[in-house]
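Basis for what follows: all heavy atoms, side chains included, without hydrogens, waters or symmetry-related copies. Just so we're on the same page: letters track the sequence lines, and every chain starts at 1.
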2 protein chains.
Amino acid sequence: MASIKDVAAAAGVSVATVSRVLNDHPSVSDDARARVLAAVQELGYRPNAVARSLRTDQTRTLGLVISDVLNPYFTELARSVEEEARAHGYSVIIGNADERPELQDHHVRTLLDRRIDGLLVSPTDGGSPLMLDAARAGTPMVFVDRWIPGVDVPVVRSDGRAAVRDLVAHLHGLGHRRLAIIAGPAATTTGSERVEAFREAMAEYGLPLPDAYIGQGDFQAESGRRATERFLDLAEPPEVVFAADNLMALGALDAIRARGLRVPEDIALAAFDDIRWFVHTDPPITAVAQPTGELGRAAVRALVDRIEGRPPQSVTLPARLVVRRSCGEPASQEQTSQEPTSQEPSPVTNRSQS
Amino acid sequence: MASIKDVAAAAGVSVATVSRVLNDHPSVSDDARARVLAAVQELGYRPNAVARSLRTDQTRTLGLVISDVLNPYFTELARSVEEEARAHGYSVIIGNADERPELQDHHVRTLLDRRIDGLLVSPTDGGSPLMLDAARAGTPMVFVDRWIPGVDVPVVRSDGRAAVRDLVAHLHGLGHRRLAIIAGPAATTTGSERVEAFREAMAEYGLPLPDAYIGQGDFQAESGRRATERFLDLAEPPEVVFAADNLMALGALDAIRARGLRVPEDIALAAFDDIRWFVHTDPPITAVAQPTGELGRAAVRALVDRIEGRPPQSVTLPARLVVRRSCGEPASQEQTSQEPTSQEPSPVTNRSQS
DNA sequence: CTGAAAGCGCTTACAG
DNA sequence: CTGAAAGCGCTTACAG
C-alpha cells in the first residue's frame with residue numbers, strides 16, 4: 001500500500017508538503033498542491049489513520065459500550081450515536097457487553113487500548129474497578145441510559161417516572177389491583193429505578209408491592225420467562241405483569257402462551273421500552289417509550305463537548321406511556337392514530353391523571 | 001498515560017525488555033520479568049495498540065459492514081461475528097450502511113484507512129468501484145449473506161431455494177394461487193435470488209408471477225408498506241404477500257392493518273428471515289429461517305483463514321421453512337412445539353413435498 | 001538474557 | 001512556500 005513517501009516521490013516534493021496538502025494547510029503553492037493531488041490520485045493513496053493517530057494523539061473515534069445488541073432499544077441507540085458522531089467527524093466502535101460485566105470490561109479495556117477519544121457507556125453493573133479508574137483517570141466519558149452513581153461523569157438518560165405513574169393510573173383505572181414487575185439487575189440504575197417508580201406510583205393508589213410480585217430479571221428474554229412462570233405458580237397470581245424492558249416482555253409472552261393463557265383476559269402485560277413490533281403483537285402491547293434517538297444524539301454531543309474542552313451537559317428526557325390493548329382497555333382512538341411509516345414508533349400518549 | 005518508557009525506567013530495564021515481557025518472549029530473566037510486571041502493575045500501564053499496530057502492520061481488527069443494524073437479522077449476524085472473532089483474538093468494528101451505497105462506501109473507506117486486517121461485507125449494492133478495488137488490491141475479504149458476482153472473494157451465505165419451494169408448496173396446498181412478492185433491490189443478490197427462487201417454485205405449480213405481483217422494495221419497512229398498498233389497490237389483489245425480509249413484512253403488516261384487513265382471512269403473509277417476535281405477532285408469521293449465527297461464525301473463520309494465509313472456504317448453508325398461521329393453516333402441532341426460551345428461534349420445519 | 005538502534009507512517013515546529 | 005528533522009510508542013533483528 002502506497003505511503004506518503006511514495007506520493008512525495010511521485011510528486012517531486014517532500015513528505016511535509018504532501019502532509020500539508022492532505023491537511024489543507026494554507027501555505028502550499030498551487031503548483032505543489034496540484035502535483036501532490038495528481039500523485040495521490042494516480043497511486044490511489046489513502047493516509048494511514050494508525051500512523052496519524054499515533055502522531056496526533058487522537059483517533060477521532062468514540063467507543064460505545066452497550067449492554068445488549070440484540071435489544072432493539074440499544075440497537076436504535078447505537079444507530080443514532082453513530083449518526084451524530086459521523087456528523088461531528090468521529091467514527092464509533094461498538095462493544096456489546098451482552099449484560100455480562102466481564103465482557104463489558106473486556107470491551108472497555110480494548111477500547112481504551114485503542115486510544116479512543118471518548119467513551120459512551122451504558123453500564124451493565126454498578127461499576128467495575130476498571131470503569132471507575134477510567135473515569136477518574138480523566139478519560140472523556142458519558143453515561144447513556146444507565147449510569148453509575150457517585151462518579152463524576154455526565155449522564156444522558158430518560159426519566160420514566162411520570163410515564164410509569166401514568167401506567168399505574170391506567171392499570172388502576174381498568175380495575176387491576178395486583179400488579180407485578182419483572183425488574184432488571186439491582187446493580188443497574190434502570191434496574192432499580194423502574195421498580196422504585198413503580199412502587200411509588202402504586203403507593204399513591206394505596207396498592208402494596210409484595211416481594212412475591214417483584215421478579216428478578218437480567219433484562220434478557222429468558223429471565224422474563226422464568227419470572228413470569230414463578231408469578232403464574234403463585235397461589236394468587238398477579239393480574240398484571242410489567243416487564244422492565246422489551247426482551248423480558250418477550251419472555252413473559254412466551255411463558256404466558258406456554259400455559260395457554262390469554263393477554264389481557266387472563267393476565268395483562270406492559271413493558272418498558274417501545275418497539276415497532278409491539279403494534280403487531282397479539283395483543284398490541286402497552287409500553288413506556290423512550291426518546292431513544294434523541295438520547296443517542298444528546299450523549300454524543302455531551303461527549304464531543306467534553307473531548308473538545310467545552311463543558312458537557314447531563315440531559316434527562318421524559319419517557320411517555322403508549323397505551324395499547326395488552327392491559328385490557330377496549331380498542332379506542334389510540335389504535336388508529338398510529339404512524340406506521342415513521343422510523344421511530346410515534347404512538348399516542350395517554351396521560352391519565354391520578 | 002504511562003508509556004513503555006515509563007515502565008522501563010521504573011523497572012530499571014530497557015524498553016526492549018519491557019516489550020519482551022509484554023509479548024511473552026521466552027528470553028527474559030525471571031528477575032527482569034518480575035520487575036517489569038511490578039512496574040506495569042504500579043503504573044497501571046496498558047500498551048498503546050495504535051503504536052503496536054503501526055509497528056507490526058496488523059491491527060487484530062476485522063471490519064464488518066452490514067446493510068442495516070435495525071434489522072434483527074443483521075444484528076444477530078453481527079453478534080455472532082463478534083463472538084467468533086473474539087475467540088480468534090480479533091475485535092470487530094461494525095459499519096452500518098443503512099442500505100445506502102454511499103454510506104457503505106464511507107464505512108469501507110474508513111475501515112480501510114484504519115488498516116483493519118480483514119473485511120466482512122454484506123453488500124448493499126452490486127459493487128462500487130471502491131469495493132471492487134479493495135477486493136482486487138488483495139484486502140482480505142469475505143462476503144456474508146449478500147455477495148457480488150464476478151469478484152474473487154469467498155462467500156458465506158444461505159440458500160433459501162429449497163425453503164422457498166417448501167413455502168410455495170405450503171401456499172399451494174392451502175389453495176392460494178395468486179402469490180405476490182415484495183423483493184429487495186435487484187442489485188443485491190438476496191434481492192434478486194429470492195424472487196427467482198419464488199418464480200421457479202411457482203412455475204413448478206404452473207402459477208404465473210405477473211409483474212404487478214412483484215413489488216419493488218429496499219429491504220426496509222416503509223418500502224414494504226408502499227408495495228403492499230399497491231398490491232391492495234389492484235383490481236385483483238394477491239391472496240398472499242411474501243416479503244423478502246422481516247422489515248418489509250413489518251411494513252406490509254402496517255399497510256394491511258391500516259386498511260382494516262385481517263391476516264390470513266383477507267390476505268396471507270409470509271416473510272424471509274425469522275425473528276423471535278414472529279411467534280407473537282397477530283397472527284404468528286410463517287417465515288424462512290436462516291442459520292444466522294452459523295453464518296456469522298463461518299464467515300469469520302473464512303476471513304481469519306484468509307488473513308493468516310490459509311485457503312478460505314466459501315460456505316452455503318440451507319435455510320428452512322417455519323410454518324405458522326399467517327398463511328391460513330389451521331393451528332397444528334407446529335404451534336405448540338416452540339422452544340420459547342432458546343436464543344435463536346428454533347421453530348419446527350415443515351417440509352411439505354411437492 | 002539484554003540493550004541500542006532502526007523504523008513503521010505520519011505531523012509539525014523550525015529554519016530558510 | 002518548502003524541506004530536514006524530530007518524535008509519537010511500540011517491536012525486533014543485531015550484537016554482545
Side-chain angles (χ1 to χ4, degrees), chain A residues 1-40 43-61 89 109-117 137, chain B residues 1-40 43-61 89 109-117 137:
Chain A
M1 187 153 271
S3 83
I4 195 170
K5 272 189 201 168
D6 303 315
V7 177
V13 297
S14 72
V15 295
T17 298
V18 175
S19 178
R20 289 195 188 95
V21 171
L22 263 22
N23 292 291
D24 283 320
H25 190 98
S27 44
V28 180
S29 68
D30 289 350
D31 177 53
R33 182 181 313 278
R35 295 220 306 283
V36 167
L37 261 17
V40 165
L43 298 173
Y45 171 72
R46 294 250 87 214
N48 183 328
V50 176
R52 173 179 292 177
S53 292
L54 179 59
R55 181 53 231 246
T56 61
D57 200 34
Q58 51 170 5
T59 51
R60 297 251 94 192
T61 302
R109 198 172 295 115
T110 305
L111 258 10
L112 256 23
D113 286 356
R114 286 166 176 282
R115 301 302 192 262
I116 45 140
D117 293 338
Chain B
M1 185 151 273
S3 83
I4 195 171
K5 270 190 203 167
D6 303 314
V7 177
V13 298
S14 72
V15 295
T17 298
V18 176
S19 178
R20 289 197 189 93
V21 171
L22 265 22
N23 292 292
D24 284 319
H25 189 97
S27 41
V28 180
S29 67
D30 289 349
D31 176 55
R33 184 183 310 280
R35 296 219 307 284
V36 168
L37 260 18
V40 164
L43 298 174
Y45 171 71
R46 293 250 86 214
N48 183 327
V50 176
R52 173 179 292 178
S53 292
L54 179 60
R55 179 54 230 245
T56 61
D57 200 34
Q58 51 169 4
T59 51
R60 297 249 96 194
T61 302
R109 199 174 292 113
T110 305
L111 292 167
L112 256 22
D113 286 355
R114 285 167 177 282
R115 301 303 192 261
I116 45 141
D117 294 338

task: Could you tell me whether B/Asp31 and B/Arg35 make a salt bridge, using a distance below 4.0 angstrom between a side-chain N and a carboxylate O?
output: yes
query: Nearest-Å distance, CG (A/Leu54) to P (C/dT12)?
result: 13 Å
- request: Check the distance between C/dC10's C1' and A/Leu22's CG and give it to me in whole angstrom.
  value: 10 Å
- request: Figure out the NE2/P separation between A/His25 and D/dC1, and round it to whole Å.
  value: 9 Å
- line: Among C/dA6, D/dA5, C/dG9, the one nearest any side-chain atom of B/Arg55 is C/dA6
query: Given that B/Arg20 and B/Asn48 both sit by DNA chain D, which one's nearest nucleotide is further toward the 5' end?
result: B/Asn48
- prompt: Considering every strand shown, what is the Watson-Crick or G-U wobble mate of D/dA4 when both distances are under 3.5 Å?
  reply: none
field: 5′-ward residue of the pair A/Thr56/A/Pro26 relative to DNA chain D
entry: A/Pro26
message: Are there over 12 heavy-atom neighbours, none belonging to B/Asn23, within less than 6.0 Å of that residue's CG?
response: yes
- prompt: Any side-chain N or O of A/Ser29 less than 4.0 Å from the OP1 or OP2 oxygen of D/dT2?
  reply: yes
task: Give the rounded distance in Å between these two atoms: CD1 of B/Ile4 and P of D/dC8.
output: 13 Å
- request: Tell me what A/Ala32 touches on the nucleic acid: a base, only sugar-phosphate, or nothing, going by heavy atoms under 4.0 Å.
  value: sugar-phosphate
message: Students often get this wrong, so: under 4.0 angstrom with heavy atoms, is A/Val13 touching a base, only sugar-phosphate, or nothing?
response: sugar-phosphate
statement: Here the distance between atom P of C/dG9 and atom CD of B/Gln58, to the nearest Å, is 15 Å
- request: For A/Arg115 and C/dC10, give me the distance from atom CZ to atom P, rounded to whole Å.
  value: 21 Å
- prompt: CG of B/Asp57 to CE of A/Met1: how many Å apart, nearest 0.5 Å?
  reply: 10.0 Å
query: Under 3.5 Å, side chain of A/Ser19 to main-chain N/O of A/Val15, donor-acceptor pair present?
result: no
- prompt: Taking all non-hydrogen atoms of both residues, which atom of A/Val50 and which atom of B/Arg114 are closest, and how far apart?
  reply: CG2-O, 3.6 Å
task: To the nearest Å, give me how far apart CZ (B/Arg35) and C1' (C/dC1) are.
output: 12 Å
First encountered from the 5' end of DNA chain C, between A/Ser19 and B/Val28: B/Val28
- line: Looking only at C/dG3, D/dT2, C/dC10, the nucleotide nearest the A/Thr17 side chain is D/dT2
task: Measure from the side chain of A/Ser3, starting at C-beta and using heavy atoms only, and say which of D/dC10, C/dT11, C/dC10 lies closest.
output: C/dC10
statement: B/Met1 CE to D/dC10 P, in whole Å, measures 10 Å
